[in-house]
2 protein chains.
Amino acid sequence: MTTIQDVARLANVSVSSVSNVLNGRVDRMRKDTFIRVEEAISKLNYRPSHAARQLKTGRIPILGLLVPTAANPSFGQLAVAMENFAQERYGYRVLLCNTYRDKQLESRMLDDLIDFGVRAVVVVSSLSDERHIEAAIDRGLAVISFDLPVEPDALIRNDHVLADNRLAGRLAAQHLIEHGHKRLAFLTPRGQTMSRRHKVEGFLAAVNDAGAGVSAQVIESKTASKFGDSELGALGFESAEQILLMKNRPTGVATVNDMTAIGLMAGIRHLGLSVPDDVSIVGIDDLSISAYIWPPLTSVSMPVTEMAQKMVDRAIQHINTPGLAAKEIIFAPQLVNRQSVAIPPATSKPIQGTDIPRS
Amino acid sequence: MTTIQDVARLANVSVSSVSNVLNGRVDRMRKDTFIRVEEAISKLNYRPSHAARQLKTGRIPILGLLVPTAANPSFGQLAVAMENFAQERYGYRVLLCNTYRDKQLESRMLDDLIDFGVRAVVVVSSLSDERHIEAAIDRGLAVISFDLPVEPDALIRNDHVLADNRLAGRLAAQHLIEHGHKRLAFLTPRGQTMSRRHKVEGFLAAVNDAGAGVSAQVIESKTASKFGDSELGALGFESAEQILLMKNRPTGVATVNDMTAIGLMAGIRHLGLSVPDDVSIVGIDDLSISAYIWPPLTSVSMPVTEMAQKMVDRAIQHINTPGLAAKEIIFAPQLVNRQSVAIPPATSKPIQGTDIPRS
DNA sequence: TTGAAAGCGCTAACAT
DNA sequence: ATGTTAGCGCTTTCAA
């Protein structure tokens, strides 16, 4: 392994000059010194040791990212966007950890990251309770909460970056209403998070704005989900019957995310009805897969890439500016119109029992 | 920050005793010494610095993982499985990098990882050419190639862990044949990788074994894919017309992976036909989402979790045993029967032009 | 403009 | 059984 010493020797300068070159303090030396050092570096193919540097400076060019699970493509997408930008813009890498929304695991991971010298972390938890994060903040970690709204008037100790979930819910409702739907529903997993709550609120507010002709119900899945795609899909699937059997069956349903919408659509078809002819569906997330399922899912899209970049920016700022004030940063979602929404059906088709074989 | 010195002072021992405790060399000291040290550690809430340790030992408890993109759920799943096992079993973390199958990026990431002190890396590249990896191996990195078959009689310098792709192709074909299909097809993106080639070979071999009554064609998508789910979905979608317009339209189609199958199903429906009534589909991968789309996708499942664990085991072994001989390790896939395969239709329904509105 | 040297926190060889 | 100590490769103050 070649060290800074080797470079210094070859270039006939002291290690401090090499160090200065490494750290961009080029003004402090003659041009030819700089050139000799550069040459030596490239001739030896020298690469500085992060470990040694970190031992001195206390920092390592790594950002932490805690997600419920990378197997869920929406978090995978976030990870990719962050990794890209962090690397390109700042030369930082991203250490990805799967928390399964387990608080204990989460705390342990945070501690671990600190031990590695990581100074800033993005946490996607959606748990409304952030107490377990406080400890990490106390230890000097810069934490950025993703998709976790700030309680009104709460004073925050760390950044919160999120999409306007109320607007997302509103957009979904408006789209259905514009297509003539009068009986709406919003499907969400049991186990509320702040962001889910906000989606519901926005959805209901839009319904309310639409006047007396339009009504809406909030449906909580019977089982709770913890994370992951399979569970959310299952949960949507299961809920189909519950929705289709309602006294006043809704003709338009929005869901808390795309995976649930995809499961719900499967469930509806399983019961012999069709989307969007019998029921219209709107998702929230706009997963890339949502364009390729059948029917292509109309969904509310979150600007994940921009959010990822903003979070990286803030993380680096916090590292470089200890004591930087915490901020809440909100992004606007947008509806992406595809084919899972149509005008409501004239009549309400009965469902087929699940034990009746489909033709 | 509390250091090993602080612990030594509080416990009234030397730093080496603390270090010994830290590294499990407990036999070398009296019990009460050990206890005093333990107490001091927990009282001070002491956590050793990875950086300092790494500087001394040259190692850091991190494994590298290079995937085309974490936004593709099959790689996300792999990452989760590895991360879990590496952490639980060995206390290692996983540093995830997205390569986009770009060789240059890949080499740079490998170099980067080495700079961080990472000693073992799992590479999911599927590029048949591994020359760019050689350099990293020369620098002492233990590389484990995932899903990259070894050429017959090639001498390998690094581990290769993969599923039996020929068997996967064979399983897909057999399943269709068992359901009475006589005209089969295998859909793969343009741009062959070794693993895709093997799937095709296995598929054709099974068709061949079935005798004269059964025929098969290999269909390459018109456009090439580089990675990611959206592209693979698009690619399946586009290929639907090509397949349905064939002179001897196949009644059963297998695809190189689930995302392509999902896109293909969407494309088929877009053209007015139905799965599995008009065309049966088998995927390969068994993504968790595949159970929740409509119809639930019959797919060949790869034992991702086991493979992930084996790779972690091997990675650690290589770290602990420099010079350990390279191995090719192959896992068996399994067919998961769902609802995208039925008996072939009696007649071949014509497709609807894409500009004819569906009812 | 350059160099010498201390020391970041730890491990491990060596001494006691 | 325990302690002393020399570095690992780098940054950074201070001196020249």
Side-chain angles (χ1 to χ4, degrees), chain A residues 1-38 40-41 44-62 91 114-119 139-140 319-320, chain B residues 1-38 40-41 44-62 91 114-119 139-140 319-320:
Chain A
M1 201 208 182
T2 90
T3 75
I4 200 173
Q5 305 275 2
D6 303 324
V7 177
R9 206 171 305 129
L10 180 61
N12 242 303
V13 297
S14 72
V15 289
S16 23
S17 289
V18 180
S19 176
N20 284 332
V21 170
L22 256 29
N23 292 283
R25 289 183 285 268
V26 181
D27 47 314
R28 296 217 208 150
M29 69 193 76
R30 282 208 313 269
K31 193 156 190 179
D32 72 290
T33 309
F34 171 68
I35 293 176
R36 283 214 310 288
V37 171
E38 286 277 74
I41 286 176
L44 294 176
N45 202 355
Y46 166 72
R47 328 203 77 211
S49 143
H50 286 297
R53 218 171 233 184
Q54 185 192 348
L55 191 55
K56 254 327 244 190
T57 66
R59 44 176 67 185
I60 188 174
I62 291 184
I114 294 175
D115 295 343
F116 273 111
V118 169
R119 308 295 279 268
R139 290 185 66 191
I319 290 174
N320 295 332
Chain B
M1 203 209 180
T2 90
T3 74
I4 200 172
Q5 305 274 2
D6 302 324
V7 177
R9 205 171 306 128
L10 181 60
N12 243 303
V13 298
S14 72
V15 290
S16 30
S17 288
V18 180
S19 174
N20 284 332
V21 170
L22 257 29
N23 293 283
R25 288 183 284 268
V26 182
D27 46 315
R28 296 217 208 149
M29 70 193 75
R30 281 208 313 268
K31 194 156 191 178
D32 71 290
T33 309
F34 171 68
I35 292 175
R36 283 213 313 287
V37 172
E38 286 276 74
I41 287 177
L44 294 176
N45 201 355
Y46 165 75
R47 326 201 77 209
S49 145
H50 286 299
R53 223 173 227 182
Q54 184 192 350
L55 191 55
K56 250 329 243 189
T57 64
R59 44 176 67 187
I60 189 175
I62 291 185
I114 293 175
D115 295 343
F116 274 111
V118 170
R119 307 295 280 269
R139 291 185 66 192
I319 290 174
N320 294 333

Could you tell me the separation between the CD1 atom of B:I62 and the CD1 atom of A:I62, rounded to the nearest 0.5 Å?
5.0 Å
Heavy-atom distance under 4.5 Å between the side chains of B:R59 and B:N320, does that happen here?
yes
As a test of reading the structure: which of D:dC10, C:dG3, C:dT11 is closest to the side chain of B:I4, going by heavy atoms?
C:dT11
When we call it a touch if two heavy atoms are under 4.0 Å apart, what does B:D27 touch: a base, just sugar-phosphate, or nothing?
sugar-phosphate
By nearest atom, which of the nucleotides D:dT4, D:dC10, C:dG3 is closest to the A:V13 side chain?
C:dG3
Heavy atoms only, 4.0 Å cut-off, all strands: where does A:S49 land among base, sugar-phosphate and nothing?
sugar-phosphate
Rounded to the nearest Å, what distance is computed from the CD atom of residue A:Q5 to the C1' atom of nucleotide D:dT11?
12 Å
Please give, in whole Å, the distance from D:dC10 C1' to A:Q54 CD?
12 Å
Return the minimal non-hydrogen interatomic distance between A:A11 and A:A40, and the atom names on each side.
CB-CB, 3.8 Å
Tell me: CD1 of A:I41 to P of D:dG9, nearest whole Å?
16 Å
Sugar-phosphate only, base, or nothing, as touched by B:Y46 at under 4.0 Å among non-hydrogen atoms
sugar-phosphate
Do B:V15 and B:S19 have side-chain heavy atoms sitting under 4.5 Å apart?
no
Can a side chain N or O of A:S17 be found less than 4.0 Å away from OP1 or OP2 on C:dG3?
yes
Tell me if the side-chain of A:T33 makes a donor-acceptor pair with the base of C:dT1, cut-off 3.5 Å, by modelled atom types.
no
Taking only the side-chain heavy atoms of B:T3 (C-beta and beyond), determine which of C:dA12, C:dC10, D:dT12 contains the nearest atom.
C:dC10
Does the side chain of A:R25 get closer than 4.0 angstrom to OP1 or OP2 of D:dT12 through an N or O atom?
yes
Gap between atoms CZ and C1', on A:R28 and D:dT13 respectively (whole Å):
10 Å
For A:H50 and C:dC8, give me the distance from atom NE2 to atom C1', rounded to whole Å.
17 Å
Integer-rounded Å distance: C:dC10 C1' and A:L55 CG:
8 Å
When rounded to whole Å, the CE to P distance for the pair B:M1 and C:dG7 reads 18 Å
Counting any heavy atom closer than 4.0 Å, what does A:R59 reach on the DNA or RNA strands: base, sugar-phosphate only, or nothing?
nothing
Nucleotide of C:dT11, C:dG3, D:dT2 approaching B:L22 most closely (side-chain heavy atoms):
C:dT11
A side-chain contact here means heavy atoms from C-beta on lying under 4.5 Å apart; do B:L22 and B:R53 qualify?
yes
On DNA chain D, more 5' by nearest nucleotide between B:N20 and A:K56 is B:N20
I want to verify a distance call: between C:dC10, C:dT2, D:dA1, whose nearest atom is closest to the B:R30 side chain?
D:dA1
Rounded to whole Å, CZ of B:R53 lies from P of D:dG9 at a distance of 18 Å
Let me confirm one number: the CE-CZ distance from A:M29 to A:F34, rounded to the nearest 0.5 Å.
7.5 Å
